[in-house]
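Data block below; observations after.
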Amino acid sequence: MNIVVVGLSHKTAPVEIREKVSFPSEKMPDYLHDLLTRKGVTEGVILSTCNRVEVIAITSHIQDGIEELKNYIADANGISIDQLGNHLYSHTSEDAIKHVFRVASSLDSMVVGEPQILGQMKDAYQDALEHNVTGIILNKLFSKAFSVAKRVRTETNIASSAVSISYAAVELAKKIFGSLEDKRVMLIGAGEMCELAARHFINNGINEILVTNRTHARAEKLAHEFGGRALLFENVYLDLDEVDIILSSTGSPIPIINAAQVSEALHKRRNRPMFFIDIAVPRDIDPAINKLDNAYLYDIDDLQGVVESNKKEREKEAAAAEKIIEAEIGQFHAWLRSLDVTPTIVSLRKKFDEVRMLEVQKLLLRLGDLSENDKKTIESATTAMINKILHMPVSNLKKMADTTEGDLYIDSARKLFDLD
Amino acid sequence: MNLGLTLFRFATTFYLLGTFAYAIYLFFPKKWAYRTASLSLLTGFVLHTGSFTSRISIAGFPPVTNLHDALSFMAWAVIGIYLVILIWYKIRIIGAFISPLALVLMLSAYSLPKEIAPIVVPYLKTFWLPAHIMLVFIGNGFLAVAFAVAIMYMIQEYQLKTKKIGKLYRALPSLDVLDNMNQKALLWGFPLLTLGVISGAIVVQQMHEGLLVWGKREIWTLMIWLLYAVLLHGRIYSGWRGRKASTISIISFIILLVTFFGINLTVGEGFRFH
């Protein structure tokens, strides 16, 4: 039984290839069913996301297994294996375990530490489980991968800091205001990044969002979209003291909010802090505002700086995460090996017992009339003999199974006693 | 060596260990560092409480009438408040800033004479003097916590203003939490200080048969009380907060410490009634 992973990801395949390979979830039952009809495949899970498609399977042979899975991916997507060729990666045994753990822990992701991959993996496993295409090994592998991912998440800071501009803004706001629940956000102007940040703020439970734009209709449209309130562009200064967070991204060539206005607003709101996020270039908000007490201003470069420092932090944390994974692989691999040794021992015992029973039967025939008691004595004496003979080899085999030569010992035992 | 002082030494050792572990936790936020720190401080606190119980049973009253025990008592209050904050608000990092304060107080107490000062005027023995001193020092304990939190605020505010997003930025709580914590500590500390001042006036009156005597100690005490009164008033009624409130909180506490040591080490320790 071998764990084999074959697939492609953002690291090995360009988007032109990735977009050609996918396993849509609505057809997953068929895919899983097909996978199991492949030669030597006994268990399988298919993970299909926009950055990664891979098949994790248990196969009876390693090399054949890899080829079988490669062909399977090509066939299922109706492309030739030559086209996929170099873009496919494959991992086996210990390497495969490590790969699955790293993917679940988001160490192999495009943005290291991003949380979605774990959920996608859980879904993929759930699908396979429901369609009965997983067995003892993959069940254990995935539940272990999920617990490793959890350990990585709780024991390192890999996912604790924002690596996108819009999310960095939300995190900064949290460091200023603590909870965002009773906070009001004002969105000035429009633009993709600004709207994304606004969405993040809404998801983090802000109280209300006000939207304003030179074109009032546009403001009303956005306000409707966000479930907020549209504000006349001319009234921005009037309501400035009522908002805690100001997100700005207009095409204005000159600043639209100056320090004097903010100073007045701060006074009106009894110095409760204000947070300005200026995504516009040229800037919308007078940089002098950052010098005012209780006002905090971050422009696009500042946010970029935060993101960079967070990325560095994540990379450092990733090193710690790799250590955790390394430790967990050992444990899992030991379990996998013991799984191999168990059936070997069972067949070994069976083999000996068959010989014993045959000989006992012959003996009983030859001896003729014997009391039930005598028959029992013969039975138990021969059983004890076999147990004693097998005791050392079995316990040694179990012991050796945990070492790197485990495979060799198990293989030898199978050959010596002709167990296959 | 009597039990009270032995326990005091052990408590100091544990506070030292806790402070050290917290310093590690500040820069390497590992679980083991936090566990070591908080457990050390808790153990120190329990031993410290034992030390006081023993001192009280020897003296027959809380022996806070000498400088050693007064400082030790303040350290005890500071750690006690830290433990309450930890349990109540679960802000772990706060210990990194509070424990050094307690440690400094303990080490100062450590270096001072430890004989229990007898209360010469017999009727004071019963209630007012120890009560006065304990109120003042629990109050001071809260003001010390306000000071520590204000320092945390200043660091975090500096990082947010200058956009230095480093380890400390991640470790420290939000400005809002710190500002609230400062206000809460003041709201506890100031009334206790006020009660302490009033009970102190009663003690002095009893000694001087109805006369209020204005010595150095009384004048400075009133000044510090006024400083905190202004700060709290500004916070509640004039929208003082953040950087301004933290700065005043820090300066006030430094004046309090300087005055306290200045007066008690030059004028003579504690209340000496002759």
Side-chain angles (χ1 to χ4, degrees), chain A residues 151 154-157 159-163 168-183 241 244 266-277 287 289-314 316-317 320, chain B residues 25-35 89-94 149-150 152-184 231 233-249:
Chain A
R151 247 194 91 188
T154 50
E155 289 178 28
T156 74
N157 287 323
S160 67
S161 47
V163 286
V170 174
E171 271 192 8
L172 285 163
K174 282 186 181 166
K175 278 286 182 190
I176 294 168
F177 298 108
S179 160
L180 298 180
E181 262 167 29
D182 52 347
K183 299 295 175 284
D241 63 297
D244 307 281
L266 278 167
H267 185 72
K268 269 199 220 161
R269 47 191 275 123
R270 293 166 52 92
N271 297 321
R272 276 181 296 121
M274 292 175 89
F275 180 31
F276 295 85
I277 302 147
I289 285 170
N290 196 45
K291 295 204 176 74
L292 296 173
D293 247 4
N294 300 309
Y296 303 87
L297 166 63
Y298 278 69
D299 63 30
I300 185 82
D301 281 4
D302 298 333
L303 292 172
Q304 192 59 51
V306 172
V307 166
E308 286 309 315
S309 99
N310 285 350
K311 274 189 182 157
K312 268 187 209 134
E313 179 72 13
R314 279 198 180 192
K316 259 189 252 161
E317 292 300 316
Chain B
Y25 181 66
L26 190 58
F27 294 99
F28 306 97
K30 299 280 178 235
K31 224 184 222 165
W32 63 264
Y34 162 70
R35 284 216 179 123
Y89 296 98
K90 308 207 161 38
I91 303 173
R92 295 171 170 188
I93 198 71
I94 211 161
V149 172
M152 290 166 82
Y153 182 95
M154 295 298 270
I155 296 173
Q156 188 67 311
E157 204 249 10
Y158 172 79
Q159 295 185 110
L160 275 163
K161 279 278 188 194
T162 56
K163 290 135 192 181
K164 291 202 171 86
I165 304 302
K167 273 215 153 72
L168 263 182
Y169 164 83
R170 285 179 239 280
L172 290 174
S174 68
L175 291 181
D176 185 67
V177 163
L178 292 169
D179 198 52
N180 271 331
M181 195 75 69
N182 177 267
Q183 172 141 341
K184 284 213 178 88
L231 172 58
H233 182 274
R235 259 192 169 283
I236 294 170
Y237 297 103
S238 311
W240 291 5
R241 58 182 298 145
R243 193 182 166 77
K244 187 175 191 174
S246 294
T247 312
I248 300 175
S249 184

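What you see is a predicted model, and the numbers here were worked out from it, not measured in a lab. Lettering follows sequence order; numbering is per chain, from 1.
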Region of [X] in contact with chain A, defined by heavy-atom distances below 4.5 Å:
{"X": "Leu172(B)", "value": "backbone"}
{"X": "Gln156(B)", "value": "side chain"}
{"X": "Lys167(B)", "value": "side chain"}

For [X], is it the side chain, the backbone, both, or neither that has a heavy atom closer than 4.5 Å to a heavy atom of chain B?
{"X": "Leu303(A)", "value": "neither"}
{"X": "Lys312(A)", "value": "neither"}
{"X": "Arg272(A)", "value": "both"}

Over 12 foreign heavy atoms within 6.0 Å of CZ, Arg243(B):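 Not more than 12 within 6.0 Å, no.
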Contact winner vs chain B - Ile176(A), Asn271(A), Asp293(A), heavy-atom pairs under 4.5 Å: Ile176(A)
Short side-chain to backbone donor-acceptor contact, Lys161(B) and Leu292(A), under 3.5 Å: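 Checking the backbone N and O of Leu292(A) against the side chain of Lys161(B), a donor-acceptor pair under 3.5 Å is found.
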Check: Tyr298(A) side chain, Leu160(B) main-chain N or O, donor-acceptor pair, under 3.5 Å: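 It does hold such a pair.
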Heavy-atom side-chain proximity of [X] to [Y] below 4.5 angstrom:
{"X": "Ile165(B)", "Y": "Leu172(A)", "value": "yes"}
{"X": "Glu313(A)", "Y": "Arg170(B)", "value": "yes"}
{"X": "Leu175(B)", "Y": "Lys175(A)", "value": "no"}

Which atom pair, heavy atoms only, marks the closest approach of [X] to [Y]?
{"X": "Ser174(B)", "Y": "Gly178(A)", "result": "OG-CA, 3.2 Å"}
{"X": "Lys163(B)", "Y": "Leu297(A)", "result": "NZ-O, 2.7 Å"}
{"X": "Tyr237(B)", "Y": "Arg270(A)", "result": "O-NH1, 3.3 Å"}

